[in-house]
2 protein chains.
Amino acid sequence: MDQFLKAAIEEAEQGWQEGGIPIGSVLVHDGEIIGRGHNRRIQKGSTILHGEMDALEHAGRLSASVYKNSTLYTTLSPCAMCSGTILLYGIPHVVIAENVNFTGEEELLKSRGVKLDIVQDDYCIKMMATFIKENPKLWNEDIGE
Amino acid sequence: MDQFLKAAIEEAEQGWQEGGIPIGSVLVHDGEIIGRGHNRRIQKGSTILHGEMDALEHAGRLSASVYKNSTLYTTLSPCAMCSGTILLYGIPHVVIAENVNFTGEEELLKSRGVKLDIVQDDYCIKMMATFIKENPKLWNEDIGE
């Protein structure tokens with residue numbers, strides 16, 4: 001498996017071990033991970049620290065030119081917030097482990113020229129499905145069914 | 001002036017006093033402010049704490065039904081990240097102090113049924129214009145011209 005997708009999955013697993021929602025992400029620039037993170041809704045009571053947002057926050061303040069030559073890896077199809085953030089920073093390429101359990105704003109991203117690679121990774125599909133099955137109330141807390 | 005827009009402006013002013021980017025926001029539900037915040041790019045080195053995001057983060061974990069009956073007030077037209085977040089949480093109404101200095105994803109929001117009120121508040125237009133004039137490098141740091 002791609003080493004960067006593997007790193008995103010490790011972040012998701014870490015989040016799960018912490019009792020959180022198992023979604024992880026890494027931002028890659030010039031062949032190196034410059035930011036990594038995972039969903040912190042439970043751990044920090046955060047409504048904005050999705051995996052992708054946490055990775056971008058940990059990457060810190062970057063110039064536009066860095067974002068424009070980066071790839072974001074995420075274990076789950078990015079929601080509207082994370083997709084909007086991808087558009088804000090002009091990240092041109094997103095690698096998505098799976099969109100079976102949730103499909104975010106992929107059409108919007110593609111319509112703005114963002115390249116998406118959907119891996120449909122079996123492990124990620126099972127991990128997320130298991131989490132949702134075990135935590136339906138949590139999964140539906142904020143954005144409903 | 002609307003008390004909630006005034007509160008958003010107070011947040012922007014507080015951010016400016018802290019040496020930050022003067023953009024503020026409040027989330028209002030049932031006639032009460034349930035979250036308030038301002039841009040923390042400088043103060044916290046944050047790439048995700050725009051004014052709107054900071055207000056939503058401070059509002060804490062809410063159920064979908066609360067978001068769906070809330071109004072977000074912001075001193076500047078919401079960027080792609082903040083607009084995506086408005087869509088994620090299904091916030092149906094956004095009051096925008098001005099879109100002269102920056103126009104965000106208003107068309108996207110409107111196309112998804114979000115009601116926008118653009119106030120074009122003179123004070124906010126001048127505040128933001130002054131900040132940008134005095135800090136062009138900072139203003140263009142992350143998303144470029």
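Lettering of chains follows the sequences in order, A, B, ..., and the numbering in each one begins at 1. This one's a predicted model, so the numbers in the text were calculated from it and none came from an experiment.
Interface remark: A:L62 contributes backbone atoms only to the contact with chain B (heavy atom separation under 4.5 Å).
Identified by a heavy-atom distance below 4.5 Å to chain A, the contributing residues of residues 80-105 of chain B are B:A80, B:M81, B:G84, B:T85, B:L87, B:L88, B:Y89, B:E105, in residue-number order.
A continuous path of ILVMFWY side-chain contacts below 4.5 Å connects B:Y73 to B:I33, so both sit in one hydrophobic cluster. By the criterion of side-chain heavy atoms lying less than 4.5 angstrom apart, applied directly or through intervening Ile, Leu, Val, Met, Phe, Trp or Tyr residues, A:L76 is grouped together with A:L138 in one hydrophobic cluster. Note on B:L109: it clusters hydrophobically with B:I118, by side-chain heavy-atom contacts below 4.5 Å among ILVMFWY residues. By the rule that hydrophobic residues join a cluster once side-chain heavy atoms approach within less than 4.5 Å of another member, A:L56 and A:L116 end up as members of one cluster. Note on B:I23: it clusters hydrophobically with B:I132, by side-chain heavy-atom contacts below 4.5 Å among ILVMFWY residues.
Residues B:D142 and A:Y67 share a closest heavy-atom pair of O-CD1, 3.8 Å.
For B:S46 and A:E57, the side-chain atoms include at least one donor-acceptor pair closer than 3.5 Å.
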**Item:** Check against side chain to side chain contact (heavy atoms under 4.5 Å, CB included), B:D54 and A:I48
**Value:** CA-CA 9 Å; B:D54 196 44; A:I48 63 171; over 6 Å; no
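Atom-to-atom distance recorded for A:R61:CZ and B:R41:CZ is 5.0 Å, nearest 0.5 angstrom. Interatomic distance, CZ of B:R112 versus CG of A:L108, reported as 6.0 Å (0.5 Å rounding).
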